[in-house]
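One structure is given below, encoded as structure tokens.
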Amino acid sequence: MSKSDYLRLADTIAAEIAAGTLKPGDRLPPQRSFAYDRKIAVSTASRVYAELLRRGLVVGEVGRGTFISGEARRGVAAPGEPHGSRIDLEFNYPILPEQTALIARCLEGLENPAALDAALRQATSTGTPAARGAAAAYLTQGAWSPSPEQLVFTGNGRQSIAAALAAVVPTGGRCGVEALTYPFIKGIAARLGISLVPLAMDEGGLRPDAVQKAHREAHLSAIYVQPAVQNPLGMTMSSARRTDLLRVAETLGLPIIEDNVYGFLDDEPPLAARAPDTCIVIDSLSKKVAPGLTLGFIVLPPRLRESVTASVRSGGWTATGFAFAAAQRMLGDGTVAELARLKRFDARARQRLAADRLSGFDIQTNGKCYHLWLTLPAHWRSQAFVAAAARRDIALTPSSTFTVSPGHAPNAVRLALASPTMEQLDTGLSTLAAMLTAGEDDFDSTE
């Protein structure tokens with residue numbers, strides 16, 4: 001079979017998915033059976049399945065087979081946007097009932113002509129001395145106290161990740177990431193022409209020996225890691241694991257891009273406290289404050305300041321003057337610190353509720369964080385469970401969203417606990433528990 005023929009066969013399956021003949025969660029036959037039914041070689045069937053995986057139309061679940069993912073687009077699969085589900089357990093947007101009033105009080109006077117005129121002017125990637133000072137003071141955590149001169153700013157955390165990646169990983173280069181990782185880094189890397197290399201994890205997080213192995217097999221340019229409140233698994237690296245990881249990174253000369261966006265929920269300071277010349281710390285106000293009023297932070301070793309600031313400018317990732325003005329006020333008067341304190345209590349209350357409602361099921365989490373990882377019983381598949389939850393107006397994220405290698409998704413889902421009200425969260429978790437207990441066929445038959 002020619003290349004065009006196997007692509008036409010993949011197009012046929014894609015059309016069946018688009019038409020609804022094949023639905024999210026449906027299982028494709030084993031490749032050998034598919035080849036027999038289509039009267040093609042098994043090697044050709046393997047190429048068809050690989051093409052469907054590349055397009056994001058199917059997902060492989062380890063030990064279970066290949067399933068329709070419901071993604072109808074070509075290219076790198078990425079999370080969508082909030083879609084108005086009654087109970088959103090897909091996106092983590094912690095907005096407390098009292099926080100709008102707190103922010104409003106802090107920003108009083110910013111609408112005055114003189115203040116607004118300054119806020120509407122063009123900003124720079126390094127901000128003002130006052131902004132750098134306020135950000136450095138706030139970001140100080142335990143033994144880590146960054147200098148204001150280490151700060152570079154972007155519009156949000158994703159732009160900070162993109163700027164750091166672009167600065168330290170060349171086009172065509174390779175960056176090691178946790179095998180289950182923050183989903184948006186996949187799209188960022190694809191657009192920068194960077195290959196992501198999945199690195200093995202265990203109960204302690206990223207394994208240092210996996211970094212050594214990947215670098216030995218094909219040179220890595222950097223590592224991207226979430227040491228505190230890892231997304232999606234929730235774990236925080238132990239002190240011993242941090243020491244081992246830093247030793248390997250420094251021996252190999254690998255910069256570490258350290259995502260600390262969820263770090264405010266934990267007490268562990270960043271890796272940069274131990275290795276300031278190795279680590280680039282990424283943070284933002286999106287979780288601490290709100291996604292609509294955010295600012296991205298990059299804390300750099302001095303040797304990388306010039307290359308990262310150039311990356312921010314060339315990428316068009318410079319924050320607006322209004323974002324600087326608002327952030328400087330909120331950081332300076334303690335509003336951000338107070339919101340972070342309140343959200344730590346909120347996250348723990350939601351975790352307690354989730355632990356109670358999902359008691360008896362296989363969950364992995366951190367009692368301090370806003371998400372949890374639910375491994376599904378054998379009678380459920382990840383994509384089918386997400387589709388069944390959606391029919392009940394509950395949005396979840398399947399495991400395939402967090403995997404770097406197509407076809408290596410565990411049979412699990414992530415639950416984001418931050419967005420719903422506590423009442424909605426209680427209802428959603430209770431509904432999911434009933435689904436898990438009843439099973440796919442039994443639960444659907446009650447509709």
Side-chain angles (χ1 to χ4, degrees), residues 23-27 59 61-64 67 69-70 79-80 82-95 180 183 203 229-235 262 265 343 345-403 409-447:
K23 297 179 175 58
D26 285 353
R27 185 179 188 274
V59 59
E61 294 181 7
V62 178
R64 299 177 63 83
F67 300 87
S69 71
H83 40 63
S85 293
R86 185 173 62 88
I87 302 176
D88 180 8
L89 302 181
E90 184 175 13
F91 290 90
N92 260 334
Y93 294 136
I95 306 250
L180 293 168
E203 65 279 359
V229 191
Q230 199 265 358
N231 181 18
L233 300 178
M235 64 182 62
Y262 281 113
L265 296 171
K343 289 181 181 184
F345 286 115
D346 182 57
R348 294 174 188 185
R350 290 167 184 267
Q351 284 287 346
R352 288 193 295 271
L353 178 61
D356 180 72
R357 297 299 181 266
L358 298 177
S359 175
F361 298 106
D362 186 359
I363 60 175
Q364 176 177 337
T365 188
N366 174 341
K368 302 175 181 179
C369 76
Y370 268 119
H371 53 267
L372 63 83
W373 187 251
L374 171 64
T375 298
L376 298 173
H379 55 269
W380 273 107
R381 303 182 305 278
S382 177
Q383 294 287 343
F385 190 76
V386 169
R391 292 195 292 273
R392 290 154 184 87
D393 218 5
I394 301 172
L396 309 174
T397 312
S399 58
S400 57
T401 300
F402 302 94
T403 58
N411 191 36
V413 295
R414 190 200 71 167
L415 308 187
L417 309 178
S419 295
T421 65
M422 289 296 281
E423 182 180 1
Q424 289 173 328
L425 182 60
D426 191 358
T427 299
L429 292 170
S430 298
T431 300
L432 296 180
M435 291 171 59
L436 292 165
T437 301
E440 181 178 352
D441 295 336
D442 292 341
F443 201 85
D444 282 346
S445 67
T446 65
E447 291 188 325

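Along the sequence shown, residues are numbered consecutively beginning with 1.
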Partner set under side chain to side chain donor-acceptor pair (under 3.5 Å) for Thr375, not counting sequence neighbours: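 With neighbours one apart ignored, the set is empty.
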
Give the minimum heavy-atom separation between [X] and [Y], together with the two atoms involved.
| X | Y | answer |
| --- | --- | --- |
| Leu425 | Pro420 | N-CB, 3.9 Å |
| Asn231 | Pro183 | ND2-CD, 4.4 Å |
| Arg357 | Ala433 | O-CB, 3.5 Å |
| Ser382 | Leu376 | CA-CD1, 3.5 Å |
| Ala354 | Leu429 | CA-CD1, 3.6 Å |
| Phe91 | Ser419 | O-OG, 2.7 Å |

With Arg350 via salt bridge (Lys or Arg N to Asp or Glu O under 4.0 Å) - residues at least two apart: Asp346

Any residue meeting salt bridge (Lys or Arg N to Asp or Glu O under 4.0 Å) with Asp26, in chain and number order, not counting sequence neighbours: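 So Asp26 forms no salt bridge (Lys or Arg N to Asp or Glu O under 4.0 Å) with any residue.
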
Partners meeting side-chain contact (heavy atoms from CB on, under 4.5 Å) with Ala389 (sequence neighbours left out):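 If we apply the side-chain contact (heavy atoms from CB on, under 4.5 Å) test to Ala389, skipping adjacent residues, the hits are Ile394, Leu396, Leu432, Met435.
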
Results of side-chain contact (heavy atoms from CB on, under 4.5 Å) for Thr421 - residues two or more places apart only: Glu423, Gln424

Given side chains that start at C-beta, do those of [X] and [Y] come closer than 4.5 Å, heavy atoms only?
| X | Y | result |
| --- | --- | --- |
| Leu415 | Thr397 | no |
| Asp356 | Ser359 | no |
| Arg348 | Lys368 | yes |
| Leu358 | Leu372 | yes |
| Trp373 | Pro410 | yes |
| Met235 | Gln364 | yes |

Mind checking the [atom1]-[atom2] spacing from [X] to [Y]? Nearest 0.5 Å is all I need.
| X | Y | atom1 | atom2 | result |
| --- | --- | --- | --- | --- |
| Asn92 | Arg414 | CG | CZ | 5.0 Å |
| Phe67 | Arg381 | CZ | CZ | 4.5 Å |
| Ile87 | Thr431 | CD1 | OG1 | 6.0 Å |
| Asn411 | Gln383 | CG | CD | 10.0 Å |
| Ser399 | Leu180 | OG | CG | 7.5 Å |
| Asn366 | Leu265 | CG | CG | 8.5 Å |

Donor-acceptor pair, side chain of Ser400 and main chain of Ala409, under 3.5 angstrom: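 Side chain of Ser400 to backbone of Ala409, a donor-acceptor pair under 3.5 Å: no, none is there.
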
Check: Ala416 main-chain N/O paired with Glu90 side-chain donor or acceptor under 3.5 Å: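 No.
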
Pairs involving residues 350-372, ordered by first then second residue, that meet ring pair (Phe, Tyr, Trp, His ring centres under 6.0 Å) (sequence neighbours left out):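 Passing the test, one end in residues 350-372: Tyr262-His371.
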
